[in-house]
There are 2 protein chains.
Amino acid sequence: MSMQIGELASKCGVRIDTVRYYEKQKLLVPSGRTEGGYRIYSKVALRELRFILRAKSLGFTLKEIQELLTLKIDRENQPCSSVKELAEVKLKDIEEKLTELGRMHNALTAITDACCGGEEPATACSILDALDKEDS
Amino acid sequence: MSMQIGELASKCGVRIDTVRYYEKQKLLVPSGRTEGGYRIYSKVALRELRFILRAKSLGFTLKEIQELLTLKIDRENQPCSSVKELAEVKLKDIEEKLTELGRMHNALTAITDACCGGEEPATACSILDALDKEDS
DNA sequence: CTTGACCCTAGACTTAACTCCAGGGATAGG
DNA sequence: CCTATCCCTGGAGTTAAGTCTAGGGTCAAG
Ligand SMILES: [Zn+2]
Ligand SMILES: [Zn+2]
Ligand SMILES: [Zn+2]
Ligand SMILES: [Zn+2]
């Protein structure tokens, strides 16, 4: 029903420090405190932490997750379009990274395939040559 | 034939600070110094900086580039296999990132496509629902 | 001789998302 | 009461690859 920070963290597979860090970033507020000052979390908080972690696994930064949470908290008065826009920005972001990594992969594969990988001296290694070429 | 740091940097499209930073990281040593203490670079240095930048554009970190340079400097006594190994480690690294980004892209595309993106309240927004779901 | 463009150093700052530390308090069990 | 285990705070440290700042020196032209 309600738990301390250690249990919450281990239930979500994150460290205690991470939970406190999210609190400092205003992503996750404890449901209350004990007399002794210990944070207590309800299962609502558990669900909120899972929300954050799922968003993270989709590539959203903590700052972006804050925006998502702002929309979610006020769902009734926020349009779908605002949520979708955040998702589309992130998608484009991911696509750019994919393109760039794909370019790197192609280029690196090409010069790596051309390298014999043998034990003789690398005096004519295609990889070093490609990096050291005169032109460009 | 020989130039100062500003010319070298602008020829390669990087900042002066970057050149000095590479020097601190032992990637690029000036060919000499003027009496007044100015760094001077030969066209060999220019070529070395281009080597570094090409390697960077293939995804190598500065630390990895140092290893590549170590091999290149001693090309005659280093086997192709050592060079190829570095390239293959980097390729695998890139492939892992591609896989992870691809996973994110698929997941995010799926929940984004399901969102209407309209102006009505996001009370049943598929994106927020996917992030906030009960299970998992 | 002065101006402006260029260069020097050492060291601090940036970003993101934690992670760790010191020094101490809370709580439960025996 | 003692101990173990948990928790608290504030602040510093981590990583990569720069970027910026302060305070000053160099050099060529006019
Ligand atoms: Zn070979
Ligand atoms: Zn080779
Ligand atoms: Zn909708
Ligand atoms: Zn929606």
Side-chain angles (χ1 to χ4, degrees), chain A residues 2-42 45 49 51-69 89-90 93-94 97 100-101 104, chain B residues 2-42 45 49 51-69 89-90 93-94 97 100-101 104:
Chain A
S2 132
M3 61 200 116
Q4 292 186 346
I5 196 170
E7 191 181 344
L8 176 69
S10 80
K11 264 187 175 133
C12 290
V14 300
R15 307 202 183 213
I16 289 176
D17 282 337
T18 302
V19 177
R20 285 197 283 245
Y21 176 70
Y22 289 170
E23 181 177 346
K24 212 182 321 181
Q25 304 306 116
K26 319 212 186 219
L27 292 175
L28 183 65
V29 182
S31 319
R33 293 272 182 151
T34 66
E35 275 209 4
Y38 285 19
R39 291 170 179 84
I40 42 183
Y41 297 92
S42 66
L49 178 51
F51 180 102
I52 293 167
L53 297 175
R54 266 184 223 113
K56 251 180 69 61
S57 83
L58 293 181
F60 289 100
T61 63
L62 298 188
K63 197 158 163 297
E64 291 159 348
I65 292 171
Q66 237 187 49
E67 299 180 60
L68 284 171
L69 285 169
V89 166
K90 180 51 55 180
D93 183 13
I94 291 172
K97 284 184 185 148
E100 174 67 0
L101 277 175
M104 286 180 184
Chain B
S2 133
M3 63 200 115
Q4 293 187 342
I5 197 170
E7 191 181 344
L8 176 69
S10 79
K11 264 186 175 134
C12 290
V14 299
R15 307 202 183 215
I16 288 176
D17 283 336
T18 302
V19 176
R20 285 197 283 245
Y21 176 70
Y22 289 170
E23 181 176 346
K24 211 181 326 181
Q25 303 306 115
K26 319 211 188 221
L27 292 176
L28 183 64
V29 183
S31 319
R33 294 270 182 152
T34 67
E35 277 209 4
Y38 286 18
R39 291 170 179 82
I40 42 183
Y41 297 93
S42 65
L49 178 50
F51 181 102
I52 293 167
L53 297 175
R54 267 185 224 113
K56 251 179 69 61
S57 83
L58 293 181
F60 290 100
T61 64
L62 298 188
K63 197 159 161 296
E64 290 160 347
I65 293 171
Q66 236 186 51
E67 298 181 59
L68 283 171
L69 285 169
V89 166
K90 180 50 55 180
D93 184 13
I94 291 172
K97 285 184 185 146
E100 174 66 0
L101 278 174
M104 287 179 184

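All figures in this text were calculated on a predicted structure; none of them were measured in a lab. Lettering follows sequence order; numbering is per chain, from 1.
One atom, CG of B/D17, and another, C1' of D/dT19, lie 6 Å apart when rounded to the nearest Å. The distance from atom OH of B/Y22 to atom C1' of D/dA17 is 7 Å, rounded to the nearest whole Å. In this structure, the CG atom of A/L28 is 13 Å from the P atom of C/dC18, given to the nearest Å. If you measure from atom CD of A/E35 to atom P of D/dC8, you get 15 Å, rounded to the nearest angstrom. The separation between B/Y21 atom OH and C/dT14 atom C1' is 13 Å, rounded to whole Å. Taking atom CZ of B/F60 as the reference point, atom P of D/dA17 lies 13 Å away to the nearest angstrom. Atom CD1 in B/I5 sits roughly 14 Å away from atom P in D/dG18 (whole-Å rounding). Rounding to whole angstrom units, CE of residue B/M3 and P of D/dC27 are separated by 19 Å.
Side-chain atoms of A/Y38 and base atoms of D/dC6 include a donor and an acceptor less than 3.5 Å apart.
In the set D/dG18, D/dC7, C/dA17, the nucleotide with an atom closest to the side chain of B/L62 is D/dG18. For A/R15, whose side chain is taken as the heavy atoms from C-beta onward, the closest listed nucleotide among D/dC20, C/dA17, C/dC20 is C/dC20. When distances run from any side-chain atom of B/T18 to the nucleotides D/dT19, D/dC8, C/dC18, the shortest one goes to D/dT19. Taking the side chain of B/T34 as heavy atoms from C-beta on, and the options D/dC27, C/dC20, D/dG18, the nearest nucleotide is D/dC27.
OP1 and OP2 of D/dC7 both lie 4.0 Å or more from every side-chain N or O belonging to A/R20. In terms of phosphate contacts, B/R33 brings a side-chain nitrogen or oxygen within less than 4.0 Å of OP1 or OP2 of C/dT9. Phosphate proximity of C/dC8 to B/R39: present, with a side-chain N or O under 4.0 Å from OP1 or OP2. Taking 4.0 angstrom as the limit, A/K24 places none of its side-chain polar atoms (N or O) nearer than this to OP1 or OP2 of D/dG11. Of the side-chain N and O atoms in B/Q4, one or more sit less than 4.0 angstrom from OP1 or OP2 of C/dC7.
No donor-acceptor distance shorter than 3.5 angstrom exists from the side chain of B/E7 to the backbone of B/Y41, with no hydrogens or angles considered.
Expressed to the nearest 0.5 Å, how far CG of A/L62 lies from CG of A/L27 amounts to 5.5 Å.
At least one side-chain heavy atom of B/R39 sits less than 4.5 Å from a side-chain heavy atom of B/R33. Looking only at side-chain heavy atoms (C-beta outward), B/K97 and A/K97 stay at 4.5 Å or farther from each other. Residues B/K90 and B/D93 form a side-chain contact, since some pair of their non-hydrogen atoms from C-beta on lies under 4.5 Å apart.
When each of B/K63 and A/I40 is assigned the nucleotide of DNA chain D bearing its nearest heavy atom, the one mapping closer to the 5' terminus is A/I40.
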